[in-house]
Amino acid sequence: MSRSTARSSAIFLTALSVVSQVLGFCYRVGLSRVVGAEVMGLYQLVMPVYSVLMSVVSVGLTAAVATLSARYLALGQDNVARRTVGVALGIFVWLMLPVAAVVLVLYDPISVCLLGDARTQLALILLLPCVALTAVENIHKHYFYGIGRVRPPAIIELTEQVIRAGAVLGLLLVFLPQNPERTVGVIVLGMIVCEVFSALALVVLFGRRTGCTRTERGPEVRTVISIAWPVALTALLGNVMGAANAAVVPRMLIGGMTREQAVSAFGVVSGMTLPMLSVPTLFLGALNLVMMPRVARYCALGQRERTKGVVGRALTVVCVTIQPCMALLCAVGPELGRLLFGREDVGRYLPLLAAAVACGAVQSVLSGVLNGGGRQGTAATIALVCDVVQLGTTLLVMGRPGGGLEGFAAALAVSGVLGVLLCDWAVRRRMGVQTKLLRLAALPALGAVLAGQTARLLLERLRSAGMDGWPAVTVTLLFGGAVYVAALHALGVRPGFLRRAGKKKIDK
């Protein structure tokens with residue numbers, strides 16, 4: 001992929017991601033208002049199981065397909081890149097059959113003993129076709145991402161978002177009122193509808209592009225597995241501990257509230273506050289999808305300086321954009337949560353959760369660098385360590401009197417900081433790429449703190465002057481953004497700062 005093509009792909013994916021994430025966030029806001037905090041809490045209990053199943057049957061395979069497609073295309077072996085999809089699908093079938101059998105036999109103990117709530121049983125059963133369709137979709141999608149053809153699958157993904165919102169909300173409007181178990185099942189049923197569309201669309205798109213390649217030899221199964229298993233194992237262990245976190249938190253809250261209240265409180269934090277904070281990270285998927293194939297290609301060709309330039313620019317974009325967004329959301333988050341979700345408690349624990357989201361954004365980029373550079377095992381180990389630390393911190397802090405959900409937020413923040421430090425160390429030591437992360441993050445962090453504090457004071461003044469609601473939030477965000485830009489200018493951070501993150505040595 002040429003430099004201009006990569007830039008246009010990044011711009012296109014970012015623009016599409018903006019639209020997709022806005023639609024997704026609006027869908028979540030509408031969903032939370034329709035079903036309430038308790039059902040959102042049950043939904044958040046079920047979705048980690050979905051992630052566990054996906055990590056077993058799909059996550060590693062999609063990483064292998066993207067990496068091998070980019071690698072074979074760089075070496076001029078386009079036919080081998082095409083056959084990678086067939087090999088991955090064959091492995092998926094052999095993985096999916098025993099996984100489905102286990103869930104169908106053990107769905108009752110999984111819901112009661114592991115998740116701690118029997119009302120998740122129907123959703124667990126309905127997850128199986130959803131997982132199968134999503135896996136087929138993702139394997140084909142990542143082939144296109146690997147070869148640099150990002151636009152068709154990205155458009156299909158956006159269409160899928162629209163269909164999901166329409167299907168889920170439409171089914172809820174038709175079948176409500178229902179008990180919480182059936183309501184969560186209806187949500188999963190709507191997810192199946194959208195996955196049918198996206199899986200069929202990508203299979204047809206792949207068939208039209210590649211034609212008949214069955215007689216051509218693809219990569220060895222062991223080659224695909226060697227790339228897939230570290231990613232899959234890491235995702236599996238991490239998602240298992242994520243599911244443990246989701247199950248443990250409501251149980252540890254029960255000491256001071258009922259089961260329903262505990263699930264509702266967990267639903268507010270995980271289903272409302274964190275999604276609100278995650279909106280500014282909407283471009284990370286596009287950034288990683290463009291960055292990882294380039295890192296894989298440059299590493300395969302031994303072009304370390306080009307790798308350094310790509311990594312530097314990616315980290316700079318994340319540091320310059322995510323930090324002020326988190327600071328401003330901390331300032332207006334309580335008011336924004338009340339306006340969007342109709343709940344006063346959405347704005348609780350914002351500083352800790354914002355720190356966790358910001359660190360997670362940086363860690364996501366650094367993990368993408370490690371995966372693209374063939375260091376899947378290192379990225380897997382780091383992710384596993386962070387998940388263990390998060391679960392341990394959750395149990396330790398929440399187990400103390402008065403720990404509550406603040407312990408959960410603190411565990412997320414501690415795990416995020418540790419992940420950034422370990423990933424940065426691995427990129428520098430194992431790949432020989434100097435990230436200069438501290439220098440890239442320091443000045444934007446100062447500007448973000450100034451903008452956040454100014455925005456908080458302004459919002460208080462506007463409220464005392466009688467301005468409230470959306471006008472106050474809009475004025476505050478605009479003014480805070482202007483203060484941040486002015487602070488960057490005063491600190492000497494100008495557009496050249498972005499280019500100096502590695503451009504000089506990339507395309508000589």
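Only this structure's heavy atoms are used, side chains among them; waters, hydrogens and symmetry mates stay out.
- R182 CZ to I187 CD1: the interatomic distance, rounded to the nearest 0.5 Å, is 15.0 Å.
- Taking every heavy atom of both residues into account, G481 and L328 meet most closely at N-CD1, 4.0 Å.
- Note on R463 versus E460: no salt bridge recorded, every NZ/NE/NH1/NH2 to OD/OE distance being 4.0 Å or above.
- Separating the CD atom in E335 from the CG atom in L340 is a distance of 10.0 Å, to the nearest 0.5 Å.
- Side-chain contact of Q161 with R164: a donor-acceptor pair under 3.5 Å is absent, judged by distance alone.
- The minimum heavy-atom distance between L459 and A331, with the atom names listed, is CD2-O, 3.6 Å.
- Shortest non-hydrogen contact noted between Q323 and A445 is OE1-CB, 3.3 Å.
- When every heavy atom of V224 is checked against every heavy atom of A64, the shortest pair comes out as O-CB, 3.7 Å.
- Residues satisfying the side chain to side chain contact (heavy atoms under 4.5 Å, CB included) criterion with V389, sequence neighbours excluded, are V385, T393, V414, L418.
- Atom CG of L124 is separated from atom CZ of R119 by 13.5 Å, given to the nearest 0.5 angstrom.
- Residue R33 holds its CZ atom at 13.0 Å from CG of L169, rounded to the nearest 0.5 Å.
- Between S69 and Y143, the closest heavy-atom pair is OG-CD1, 3.4 Å.
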* Asked: Please walk me through it: do T134 and Y50 pass side chain to side chain donor-acceptor pair (under 3.5 Å)?
  -> CA-CA 10 Å; T134 305; Y50 172 80; 3.2 Å; yes

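- In this structure, the separation between CE on M40 and CG on L31 is 5.0 Å, given to the nearest 0.5 Å.
- S198 contributes a side-chain N or O that, together with a main-chain N or O of E195, makes up a donor-acceptor pair within less than 3.5 Å.
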